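The structure appears below as structure tokens.
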Amino acid sequence: MAFELKGRRVWIAGHRGMVGAALLRRLQREPVTLLAADRAALDLRRQADVETWVEKNKPEAIIIAAAKVGGIKANDAYPVDFLYDNLAIQTNILRAAAEQGVARVMVLGSSCVYPKLAEQPIKEETLLTAPLEPTNQWYALAKIAAMKLAESYRRQHGRDFVSVVPTNLYGPGDNFDLEQGHVISALMRKIHEAKQAGRDAVEIWGTGNPKREFVFVDDAADGLVFLLQNYAGEDPINLAGGEEVSIRELAGLLAEIINYQGRFEYLTDRPDGMPRKLLDSQRISKMGWVPSTSLRDGLMATYRWFAQTRL
Ligand code: GDP
């Protein structure tokens, strides 16, 4: 069931975040009317405000890119923010969309929704078959709830709400805070600063052995727009097909790109999180979509953005 974007009013909830900003860039190339609400104008955690906004602005499609996000340490340190804020944001938008008859809504999950020890590559049907990884369970639970809420609206009220599970994303607009950010932005900044200060070692959390798959955010935005137009199933669909590397390999690649000659020190008392998180991308690739940016090219583009924007 193809969804024609032409002439539609599309709301990107969370357009200031890394994914939302990439979606804006991507959708500016389509013949749509883009809607966005700044945080000062609309607090997505307040249900009545969200309902009023949706009623007034009449989106016909919504992508929920708004979320409280963060890396392994932030997840563990702020469980209420990750669970409550995300539950509220998603529930409010889905309910308002259902009430106003929004034609299509896309919920974004996360690869951490799958069990800690899931069989790799992780297929969509693995959802809820075994326990979660404890370090990001708060975020994962909120995302699972949103995916199930979308499914339940589809079942009970025939709403065209779909769930997409993107793999780990990175790129321009990422959060480069060392405590809050994910591994790529954090390591990029640490290595860059070590090089500038002439320090000969950079600290890496954990053993360096966990493996992660990464997709560049502009590829992800392209995939989301592809799915918005072409996917209307009850089951979630993985947005993946990126490159898988160990954290150790990632650090090496970043050192090469940044031209850093120093060493890495592994803080093995810090958690590794999920040992491996490679999503099965067969469903989306059979539909005809694969990411196009190599990890090296994506990291170089991200580093250029970081160096220009942050310094
Ligand atoms: P995750 O994919 O949900 O585990 O989130 P992260 O991107 O935060 O972490 C991925 C992996 O990188 C974990 O094994 C972390 O322990 C490891 N890692 C190593 N150094 C860092 C760092 O400086 N920041 C972050 N966020 N993770 C790091």
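Both ligands and their constituent atoms are indexed starting at 1 by order of listing. The chain is numbered in sequence order, starting from 1. These numbers were taken from a predicted model, which means no experiment stands behind them.
Annotation: side chain of R276 is in contact with side chain of E244 (closest heavy-atom distance under 4.5 Å).
Taking a cut-off of under 4.0 Å to the non-hydrogen atoms of D272, the atoms of ligand 1 that pass are 13 (C), 14 (O). Residue I204 approaches ligand 1 through these ligand atoms, each under 4.0 Å from one of its heavy atoms: 19 (C), 20 (N). Atoms of ligand 1 found under 4.0 Å from any heavy atom of G71 (numbered from 1 in listed order, with element): 8 (O). Of all the atoms in ligand 1, the ones that sit under 4.0 Å from a non-hydrogen atom of K190 are 22 (C), 23 (O). Residue-ligand proximity, A186 to ligand 1, at heavy-atom distances under 4.0 Å covers atoms 22 (C), 23 (O), 24 (N). Close approach of ligand 1 to P210 (heavy-atom distance below 4.0 Å) involves ligand atoms 14 (O). In summary, the atoms of ligand 1 found under 4.0 Å from a heavy atom of R212, numbered by their order in the structure, are 1 (P), 2 (O), 4 (O), 10 (C). The distance from ligand 1 to the heavy atoms of P271 drops below 4.0 Å at these ligand atoms: 16 (O).
Protein heavy atom closest to atom 9 (O) of ligand 1, with residue, atom name and distance, is V183 CB, 4.0 Å. Scanning the protein heavy atoms around atom 8 (O) of ligand 1, the nearest turns out to be I72 N, 2.9 Å. Protein heavy atom closest to atom 11 (C) of ligand 1, with residue, atom name and distance, is I247 CD1, 3.7 Å. Nearest non-hydrogen protein atom to atom 20 (N) of ligand 1 is W205 N, 3.0 Å. Among protein heavy atoms, atom 26 (N) of ligand 1 sits closest to G181 O, 3.0 Å. For atom 5 (O) of ligand 1, the closest heavy atom belonging to the protein is H182 CD2, 3.8 Å.
Look at K190 and E203 and you find no salt bridge, because none of the NZ, NE, NH1 or NH2 atoms lies under 4.0 Å from a carboxylate O. Salt-bridge formation is detected for the pair D38/R16: a Lys NZ or Arg NE/NH1/NH2 atom is positioned less than 4.0 Å from an Asp or Glu carboxylate oxygen. In summary, E99 and R95 engage in a salt bridge, as defined by a charged side-chain N under 4.0 Å from a carboxylate O. Between R26 and D218 no salt bridge is recorded (no basic side-chain N to carboxylate O distance below 4.0 Å).
Contact annotation: for N168 versus ligand 1, heavy atoms closer than 4.0 Å belong to the side chain alone. By the criterion of a heavy-atom distance under 4.0 Å, the side chain of K277, and not its backbone, is placed next to ligand 1. If you look at E203 next to ligand 1, there are no close heavy atoms at all, none under 4.0 Å. Contacts of M274 with ligand 1, taken as heavy-atom pairs under 4.0 Å, are absent altogether. Under 4.0 Å from ligand 1, the heavy atoms of N136 that appear belong solely to its side chain.
Both F264 and I247 belong to a single network of hydrophobic side chains, linked directly or stepwise wherever heavy atoms of I, L, V, M, F, W or Y lie under 4.5 Å apart. Linking ILVMFWY residues whenever their side-chain heavy atoms come closer than 4.5 Å, directly or via other members, leaves I64 and I237 in distinct clusters.
Not a single heavy atom of C112 sits under 4.0 Å from any atom of ligand 1. Using a non-hydrogen distance threshold of 4.0 Å, E133 does not register as a contact of ligand 1.
The aromatic ring centroids of Y303 and H192 lie less than 6.0 Å from each other.
Partners of A77 under the side chain to side chain contact (heavy atoms under 4.5 Å, CB included) rule, at least two apart in sequence or in another chain, do not exist in this structure.
Residue G273 has no N or O atom closer than 3.5 Å to an N or O atom of ligand 1.
When I144, N238, T129, L128 are each tested for a side chain to side chain contact (heavy atoms under 4.5 Å, CB included) with Y114, only one passes: N238.
In this structure, R248 is positioned above the aromatic face of Y266, its NZ or CZ under 6.0 Å from the six-membered ring centre and within 45° of the axis. Annotation: cation-pi pair K68/F82 present, NZ/CZ under 6.0 Å from the ring centroid and within 45° of its normal.
Atom CD of Q282 is surrounded by 12 or fewer heavy atoms from other residues, nucleotides or ligands within 6.0 Å.
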